[in-house]
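Input: a single structure, listed below in structure tokens.
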Amino acid sequence: MNTTLSLIIPVYKVEAYIEACLCSVFQQLTDWAEVIIVDDGSPDGSMSIAEEVLCRYPQHKRRVSILRQDNQGLSAARNNGIALAEGRYVGFLDSDDVLLEGYFSILGRLLADNPLSDIVAFNAQRFSAIRRNGKIQPDCTMAIVPGNAAPQHSESHMALLADSFNRSMWFAWARIYRKTLFDEARFPVGRNFEDIQLIPQLYLKAERIVVCDTPLIGYRANPKGITRAPKRRDLDDLDYAIDGADSGRRQGAGHGLYSILFVTTLKARLLVGLDFFGLRDALRETRELKRRYSGLRAEERKMLSRKNRLFYRSPLAYYLMARLYNLRG
């Protein structure tokens, strides 16, 4: 079987969502893609539903693999899926999300037009409900990428990298990746916010990145997600990511992009901290973290977007501006 893309879907406690997820995949699955469903020791009926849905699409059975493991978490499930993947490219889909119409056909055209691409990134639509006809009811478009581009030269490639790092929307599912990028690179097992810790590293390894502003994933607004009920451990994991970004920054790696990653991860920690212990303590811990590390040099600050520059200068001013923007809609 000649496989271009391996789509990895970890499954854990999603019996309310897994049917919609898999139907969105199987309704458009193409003969050059495979699906790897990773049962992360799910204790509910998720896998029974998954197997029932697969039975409705017997034409796809030879292109679907089911990998079972004891519960090890999202990172381990993705890593084990990568190890099993036969495709030249690897993609991810969270099992409470859905593929939008055109996922495979649009990616197929982009790969045909850009055979040397290492990463293809795209936008998504946030949703909270699915209509009776099976289509999502979108809340908004998530602008993960700035537009359509396939940079051919180093300067435009670096500009795209800087934009991506400033946006800091490191959802693993918002891209497909040449599988060789994962050589000696895996999601960190046992940590949350795993995307922040791995996806920027893959971007730095990539020589050719293609971006498409068409939304190809439906991202479900899940009230039970990590950032809705954060734990102290989540802040510790972000501290770990901040420390890694600062280490790359101090080593002068990544053409200054680690400086952006340091600031945006610090910003993510503030936003998670707001839900954990409120504004005053979140701002206090952010200030303490800033003091722990050496300040950004002038050339590092120049690489920041205006919003990230404002955050680094004054987290409180950034918070107030974001609040005003949200209130205005």
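These numbers were taken from a predicted model, which means no experiment stands behind them.
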Checklist entry - Can you find a side-chain donor-acceptor pair between Tyr293 and Arg249 that sits under 3.5 Å? => result no
Checklist entry - Would you call the rings of Trp170 and Tyr203 parallel, tilted or perpendicular if under 30° counts as parallel and over 60° as perpendicular? => result perpendicular
Checklist entry - If you measure from the Lys or Arg side-chain nitrogens to the Asp or Glu carboxylate oxygens, is any gap between Asp195 and Arg78 under 4.0 Å? => result yes
Checklist entry - Backbone N or O of Tyr318 within a donor-acceptor pair of the Lys307 side chain at under 3.5 Å? => result no
Checklist entry - For atom CD of Glu207, is the number of surrounding heavy atoms from other residues, nucleotides or ligands below 6.0 Å larger than 12? => result no
Checklist entry - Between Lys231, Arg269, Arg191, which is the residue that forms a salt bridge (Lys or Arg N to Asp or Glu O under 4.0 Å) with Asp237? => result Arg191
Checklist entry - So do the side chains of Phe127 and Arg220 get within less than 4.5 Å of each other, counting heavy atoms only? => result yes
Next on the checklist: Within the structure provided, determine whether Glu51 and Leu54 are in side-chain contact (heavy-atom separation under 4.5 Å).
Outcome noted: no
Checklist entry - Looking just at side-chain N and O atoms, do Asp40 and Gln72 make a donor-acceptor pair shorter than 3.5 Å? => result no
Item to check | For Ala185, all residues meeting side-chain contact (heavy atoms from CB on, under 4.5 Å), sequence neighbours excluded | outcome: Leu198, Leu202, Lys205
Next on the checklist: Has Asn308 got a side-chain atom pairing as donor or acceptor with Asn166's backbone, closer than 3.5 angstrom?
Outcome noted: yes
Checklist entry - Do Leu266 and Phe311 come within less than 4.5 Å of each other through their side chains, counting heavy atoms only? => result yes
Next on the checklist: Minimum heavy-atom separation for Thr141 and Pro215, please, with both atom names.
Outcome noted: CG2-CG, 4.1 Å
Item to check | Within-4.5 Å side-chain heavy-atom neighbours: Tyr219 and Arg126 | outcome: yes
Checklist entry - Salt bridge check: are Asp183 and Arg178 linked by an N-O gap of less than 4.0 Å? => result no
Checklist outcome for this item: Tested for side-chain contact (heavy atoms from CB on, under 4.5 Å) against Leu111, the lone hit among Val210, Ile106, Ile176 is Ile176
Item to check | Presence of salt bridge, Asp113 and Arg109, under 4.0 angstrom | outcome: no
Item to check | Side-chain heavy atoms of Tyr240 within contact of Asp236, under 4.5 Å | outcome: no
Checklist entry - Can you check whether Ile209 reaches Leu161 side chain to side chain, under 4.5 Å on heavy atoms? => result yes
Enumerate donor-acceptor pairs with a distance under 3.5 Å from any side-chain N or O in residues 251-263 to protein atoms, sequence neighbours excluded.
{"from": "Gln251", "atom 1": "NE2", "to": "Ser247", "atom 2": "OG", "distance (Å)": "3.1"}
{"from": "Tyr258", "atom 1": "OH", "to": "Gln201", "atom 2": "OE1", "distance (Å)": "2.7"}
{"from": "Ser259", "atom 1": "OG", "to": "Glu300", "atom 2": "OE2", "distance (Å)": "2.5"}

Next on the checklist: Please say yes or no: joined through hydrophobic side-chain contacts below 4.5 Å, possibly via intermediate residues, are Met142 and Leu100 part of one cluster?
Outcome noted: no
Checklist entry - So Thr3 and Arg63, side chain to side chain contact (heavy atoms under 4.5 Å, CB included) or not? Walk me through it. => result CA-CA 9 Å; Thr3 304; Arg63 293 200 165 270; 4.2 Å; yes
Next on the checklist: Students often mix this up, so state it plainly: with edges at 30° and 60°, are the rings of Phe187 and Phe182 parallel, tilted or perpendicular?
Outcome noted: tilted
Item to check | Non-hydrogen side-chain atoms of Leu5 and Phe104 separated by less than 4.5 Å | outcome: yes
Next on the checklist: If we ignore hydrogens and angles and just use 3.5 Å, is the side chain of Glu34 paired with the main-chain N or O of Glu86 as donor and acceptor?
Outcome noted: yes
Item to check | Any donor-acceptor pair under 3.5 Å from Arg167 side chain to Ala143 backbone | outcome: yes
Checklist entry - Does Asp44 have any side-chain contact (heavy atoms from CB on, under 4.5 Å) partners at least two apart in sequence or in another chain, and if so, which? => result Lys13, Glu15, Ser42, Ser46
Checklist entry - When you measure from the side chain of Asp213 to the backbone N and O of Val145, does any donor-acceptor pair fall under 3.5 Å? => result no
Checklist entry - Okay, side chain of Asp97, backbone of Leu93: is any donor-acceptor separation there less than 3.5 Å? => result no
Item to check | Residues Glu288, Arg284: salt bridge by 4.0 Å N-O rule | outcome: yes
Next on the checklist: With a 4.5 Å cut-off on side-chain heavy atoms, are Val90 and Leu181 touching?
Outcome noted: no
